[in-house]
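In what follows, chains are A, B, ... by sequence order, proteins preceding strands, each numbered from 1.
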2 protein chains.
Amino acid sequence: MEIAINTEGQSPLFAQLVEQIKQRVLDKSLAPGAALPSIRQLANDLQLNNKTVAKAYQLLERDQIIQTKGYRGTFVHPDAIANCTIDLAAWVFAQLAETIETLRGAGTTDSEIRIAFADAMHNRQAKEN
Amino acid sequence: MEIAINTEGQSPLFAQLVEQIKQRVLDKSLAPGAALPSIRQLANDLQLNNKTVAKAYQLLERDQIIQTKGYRGTFVHPDAIANCTIDLAAWVFAQLAETIETLRGAGTTDSEIRIAFADAMHNRQAKEN
DNA sequence: TATTGTACCCACACTACGAATGGTACATAT
DNA sequence: ATATGTACCATTCGTAGTGTGGGTACAATA
């Protein structure tokens with residue numbers, strides 16, 4: 001695992017990690033089924049916090065690029081290569097853009113949309129008055 | 001128009017103005033069809049900026065509580081009383097909550113949802129990588 | 001000419017929210 | 001005893017959005 005983390009860089013550490021691992025999967029230096037270093041191991045190698053590495057691993061697992069098998073360690077997902085090209089962000093964007101367009105069409109202020117959005121993210125009802 | 005604006009208050013000036021006008025409509029001291037002071041007039045009376053009053057008027061007009069007739073001035077909307085009870089915010093909340101639930105159901109991170117939301121509000125495409 | 005509402009430009013300070021990271025502890029399974 | 005992934009709490013920091021102001025200008029109408 002030769003991974004270069006740029007602490008001075010602009011993008012967050014966990015994101016850099018995600019990107020680099022994706023890259024290694026795409027250029028075949030990480031084959032499907034291959035074992036990845038443990039969270040603590042990698043954190044130690046790269047001088048990162050465990051949580052930072054853990055966060056990267058969680059995102060990668062959600063996108064089906066890696067697979068964690070509990071105490072047995074973490075492995076590259078069988079369909080990792082294909083799943084590297086799926087763009088979840090684009091779909092999320094489309095969904096939200098559509099809803100926002102509807103709301104704006106109803107004359108809602110951007111400010112009101114943002115407030116309601118924040119409330120909805122917090123699972124709290126919109127308050128009256 | 002006896003309106004009391006609390007500059008020290010916590011809620012924004014334009015919001016106070018909106019609420020007080022709604023209140024006067026509900027308690028019948030502002031009857032449908034009645035004329036409201038002009039923006040500049042009211043701004044001067046209350047020692048507010050024109051833009052602040054204009055903002056309040058715009059919100060009230062969108063909610064069909066007042067009606068601006070161009071150069072002729074602004075009047076209380078015929079259906080003002082009924083429209084005071086309509087809660088646009090609740091509808092906006094419901095729309096967004098539904099979309100968010102869909103996204104979360106797909107495993108999307110709250111952080112990713114927020115980023116996509118910000119992008120969508122700015123009408124800018126979600127960027128790759 | 002004076003008035004109406006409206007629409008731009010710009011700016012400035014404040015606040016609050018989330019992002020990112022760190023530290024510690026846990027259940028599980030060998 | 002040791003290793004795995006994971007969850008919870010705390011803290012710092014940056015930034016985006018908000019509210020408000022100032023100014024100027026416009027078309028429409030009396």
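Among all heavy-atom pairs drawn from A:Asp79 and A:His77, the shortest one is N-CD2, 3.0 Å. A:Trp91 approaches B:Ala106 most closely through the heavy-atom pair CZ3-CB, 3.7 Å. When all heavy atoms of A:Gln16 and A:Ser11 are compared, the pair lying nearest together is NE2-O, 2.9 Å. Taking each heavy atom of B:Tyr57 and B:Ile66 in turn, the nearest pair found is O-CD1, 3.4 Å. Across every non-hydrogen atom of A:Leu48 and A:Leu13, the tightest pair is CD2-CD1, 3.7 Å.
Using a 4.0 Å cutoff on non-hydrogen atoms, the parts of residues 64-72 of chain B near DNA chain C are B:Thr68, B:Gly70, B:Tyr71, ordered by number.
In this structure a side-chain-to-backbone donor-acceptor pair under 3.5 Å is missing from A:Asp63 to A:Ile65.
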Going 5' to 3' through nucleotides 19-26 of chain C and flagging B where a protein heavy-atom sits under 4.0 Å of the base, S where only the sugar-phosphate is that close, and - otherwise, we get SSSBB-BB
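Linking Ile, Leu, Val, Met, Phe, Trp and Tyr residues whenever their side-chain heavy atoms come within less than 4.5 Å leaves A:Ile86 and A:Ile81 in two separate clusters.
The ring-ring contact (aromatic ring centres under 6.0 Å, His included) analysis of residues 94-119 of chain A, with sequence neighbours excluded, yields the pairs A:Phe117-B:Phe117.
With sequence neighbours left out, the salt bridge (Lys or Arg N to Asp or Glu O under 4.0 Å) criterion links B:Arg72 to no other residue. Among residues two or more places apart in sequence or in another chain, the salt bridge (Lys or Arg N to Asp or Glu O under 4.0 Å) test is passed with B:Arg62 by A:Glu112.
Residue whose closest nucleotide on DNA chain C sits further toward the 5' end, between B:Gln58 and B:Ser38: B:Ser38.
Across all strands, B:Glu61 comes closer than 4.0 Å only to sugar-phosphate atoms, never to a base (heavy-atom distances).
Note that the first and last nucleotides of DNA chain D, 5' to 3', having any atom under 4.0 angstrom from a heavy atom of chain B are D:dG17 to D:dA30.
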